[in-house]
Amino acid sequence: MTDVLSPRWRHLWENIDHLTLHMDTFGMQVPANSDYRGNPDLWNSEATKFVNKVNGVLRHHKCNRIKKFEVKFPLSSVHSSEIDHWVAFAAASSSEMLNLVLSDYLCGVRVPTKHSERYNFPLKHYVDLRCCQLHYMFLSTCRLETVPANLIGFSYLFALQLDYVQVVDEVLQSIISSCRALHHLYLRRCDKLINLRTSHAELVTLEVSNCWKLLSISIHAEKLKCFSYMGNKFVNIEYECAPVLCELNALFRLHCEFPLDCIGAFPELKTLRLQFPSRLRVSHILHLSGRFTGLKEIMLYLLTSWKKSIRFVAYLLKAAHLVERLELEAHGNLRPPKKLKIRWPKNFTPTRLRTIRIGGFSGESEMHTYTDEGGV
């Protein structure tokens with residue numbers, strides 16, 4: 001655009017330090033009613049067009065220092081040579097942020113790359129000291145196979161997000177050990193992970209979501225403050241060292257019951273978020289003193305009718321007598337039980353509770369959904 005405005009501005013874009021390369025960047029549009037699944041040649045044509053446009057930008061670009069380099073387009077190993085060149089460009093330009101999103105969705109439409117071999121991200125480009133400016137990396141729909149002996153380029157990596165990335169336990173552990181400054185780690189839909197071990201002195205946030213084959217998680221992180229797990233099944237979580245954990249999220253979506261026993265004892269825990277598809281029985285862990293004494297916020301999400309098991313909420317409040325905010329939300333088609341009598345725990349008054357938020361419920365047409373944000 002600057003090219004057509006003035007000859008003096010013709011080459012300004014060549015020194016831009018933020019490169020965000022999407023379809024919108026190049027003015028590409030998905031044709032209406034495009035059948036990429038039924039007509040792969042149509043998709044191949046769009047992919048070739050996009051690759052050529054990216055190559056054209058990088059061929060003319062002259063900036064030696066890139067703050068952000070992002071490519072978002074469904075590609076696979078078929079385009080490995082071109083993508084290798086893009087990654088090499090980002091590394092040589094000392095990019096501070098690298099986002100490589102090769103998802104098989106294009107404007108909400110699935111394209112025929114789902115069963116294609118995923119692109120193998122070349123970590124070899126990050127063994128140079130010039131790459132040490134990399135602070136944030138987001139990889140999606142690719143794979144990580146080998147780790148160079150000296151991955152110096154990850155020394156200052158602050159946040160790492162892997163989404164739908166094929167990586168085995170040993171490779172991931174080796175990458176994490178090379179990220180000496182890593183504070184935030186997000187692992188989503190990494191279906192090759194089985195026994196995840198995260199041992200890091202600087203890690204503050206850990207999120208593990210929908211890693212279907214995962215069996216266990218071992219955590220040794222002295223500065224970890226927030227841990228989140230979401231999945232369809234129970235995994236064995238071992239807290240080797242997490243003394244300052246203050247936020248814990250355990251979200252399950254299919255039929256399984258998460259035992260509160262494995263939550264562990266965290267003196268600094270302030271926020272607890274739980275989601276259970278099946279009814280949760282009152283665990284004996286709730287009757288142990290000291291386990292939840294520091295909690296200030298509790299969020300509970302119900303996916304099925306709990307019936308009498310709803311008394312778990314009251315016992316949890318009793319075990320966490322300093323709670324100031326309670327959120328209770330129901331999802332799905334839950335029918336209210338008839339003539340249900342729930343006994344409140346004896347000798348218990350939630351004196352610190354100030355806010356109750358109830359969501360996801362509905363009544364008759366003449367009734368109103370009500371949320372209480374005031375004192376109780």
Side-chain angles (χ1 to χ4, degrees), residues 58 64-66 68-71 75-77 79-102 117-188 190-208 211 213-214 216-224 240-241:
L58 301 189
N64 295 324
R65 179 73 178 274
I66 301 294
K68 178 181 179 181
F69 182 77
E70 177 174 287
V71 175
L75 299 171
S76 64
S77 60
H79 309 93
S80 291
S81 59
E82 290 87 357
I83 305 176
D84 282 348
H85 172 65
W86 304 345
V87 175
F89 170 86
S93 302
S94 301
S95 178
E96 298 179 12
M97 178 183 293
L98 174 61
N99 297 340
L100 188 62
V101 183
L102 308 180
E117 186 177 0
R118 297 183 199 174
Y119 169 70
N120 183 23
F121 186 86
L123 291 172
K124 63 181 181 180
H125 293 300
Y126 287 89
V127 297
D128 197 325
L129 285 173
R130 292 177 298 175
C131 307
C132 285
Q133 301 301 321
L134 184 64
H135 297 311
Y136 179 89
M137 174 179 280
F138 174 26
L139 300 180
S140 175
T141 321
C142 60
R143 70 180 193 270
L144 295 167
E145 291 188 344
T146 58
V147 182
N150 194 9
L151 200 59
I152 302 176
F154 280 15
S155 297
Y156 297 103
L157 192 63
F158 185 79
L160 175 62
Q161 178 174 337
L162 303 180
D163 189 347
Y164 201 42
V165 173
Q166 292 181 341
V167 55
V168 298
D169 302 334
E170 294 78 10
V171 171
L172 179 60
Q173 188 171 343
S174 180
I175 292 174
I176 293 175
S177 64
S178 301
C179 306
R180 295 179 296 181
L182 190 64
H183 278 57
H184 307 284
L185 177 61
Y186 306 94
L187 304 172
R188 299 167 182 167
C190 297
D191 53 9
K192 293 291 185 180
L193 295 177
I194 298 176
N195 297 297
L196 173 63
R197 175 171 172 77
T198 54
S199 179
H200 201 284
E202 302 297 327
L203 195 63
V204 175
T205 303
L206 174 61
E207 178 184 318
V208 182
C211 299
K213 296 182 180 180
L214 196 63
S216 68
I217 302 175
S218 179
I219 301 174
H220 190 287
E222 298 177 358
K223 297 183 180 180
L224 188 68
E240 296 180 357
C241 180

> Under 3.5 Å, is there a donor-acceptor pair between the side chain of Asn150 and the main chain of Val127?
Replying inline: no
> Is there a side-chain contact between Ile175 and Leu160 (heavy atoms, below 4.5 Å)?
Replying inline: yes
>> Counting C-beta onward and ignoring hydrogens, is there a side-chain heavy-atom pair between His184 and Glu207 closer than 4.5 Å?
In response: no
>> Show the nearest heavy-atom pair for residues Leu100 and Val87, with the distance to one decimal.
In response: CD2-CG2, 4.3 Å
> Run the side chain to side chain contact (heavy atoms under 4.5 Å, CB included) check on Leu98 and Leu134 step by step: do they pass?
Replying inline: CA-CA 8 Å; Leu98 174 61; Leu134 184 64; 4.0 Å; yes
>> Checking Lys223 now: which residues fulfil side-chain contact (heavy atoms from CB on, under 4.5 Å) with it, not counting sequence neighbours?
In response: Glu202
> Any side-chain heavy atom of Trp86 within less than 4.5 Å of one from His79?
Replying inline: no
> Less than 4.5 Å apart, any side-chain heavy atom of Leu157 and any of Tyr126?
Replying inline: no
> In a check of side-chain contact (heavy atoms from CB on, under 4.5 Å) between Thr198 and each of Leu224, Leu206, Leu182, which one passes?
Replying inline: Leu206
>> Taking atom OH as the centre, does Tyr136 end up with more than 12 heavy-atom neighbours from other residues, nucleotides or ligands that are less than 6.0 angstrom away?
In response: yes
> When you measure from the centre of the six-membered ring of Tyr164, is the NZ or CZ of Arg118 under 6.0 Å away and within 45° of the axis?
Replying inline: yes
> Which pair of heavy atoms, one from Gln133 and one from Ser94, lies closest together, and at what distance?
Replying inline: CB-O, 3.6 Å
> Is Ser93 reaching over with its side chain to a backbone N or O of Ser95, donor-acceptor style, under 3.5 angstrom?
Replying inline: no
>> Less than 4.5 Å apart, side chain to side chain, heavy atoms only: is that true for Leu187 and Val167?
In response: no
> Who pairs with His183 by ring pair (Phe, Tyr, Trp, His ring centres under 6.0 Å), at least two apart in sequence or on another chain?
Replying inline: Phe158
> Is the closest side-chain donor-acceptor distance between Tyr119 and Asp84 under 3.5 Å?
Replying inline: yes
> Taking 4.0 angstrom as the limit, do Glu96 and Lys68 come out as a salt bridge?
Replying inline: no
> Do the side chains of Asp163 and Phe138 get nearer than 4.5 Å, heavy atoms only?
Replying inline: yes
> Is the shortest heavy-atom distance from the side chain of Leu185 to the side chain of Ile176 under 4.5 Å?
Replying inline: yes
> Which heavy atom of Thr205 sits nearest a heavy atom of Leu203, and at what distance?
Replying inline: O-CD1, 3.6 Å
> CZ/Arg197 to CD1/Ile217 distance, rounded to the nearest 0.5 angstrom?
Replying inline: 13.0 Å
>> Test your reading of the model: is there a side-chain donor-acceptor pair from His125 to the backbone of Phe89, 3.5 Å cut-off?
In response: no
>> Determine whether a donor-acceptor pair (N or O, by modelled atom type, separation under 3.5 Å) exists between the side chain of Ser177 and the backbone of Ser174.
In response: yes
>> Is there a side-chain contact between Ile152 and Cys132 in this structure, where contact means two heavy atoms from C-beta onward sitting under 4.5 Å apart?
In response: yes
>> Once side-chain hydrogen bond (donor to acceptor under 3.5 Å, both in side chains) is applied, do any residues pair with Glu222, and if so which ones, sequence neighbours excluded?
In response: none
> Can you find a side-chain donor-acceptor pair between Glu240 and Ser218 that sits under 3.5 Å?
Replying inline: yes
> Under 3.5 Å, is there a donor-acceptor pair between the side chain of His135 and the main chain of Tyr156?
Replying inline: yes
>> Show the nearest heavy-atom pair for residues Asp169 and Lys192, with the distance to one decimal.
In response: OD1-O, 4.3 Å
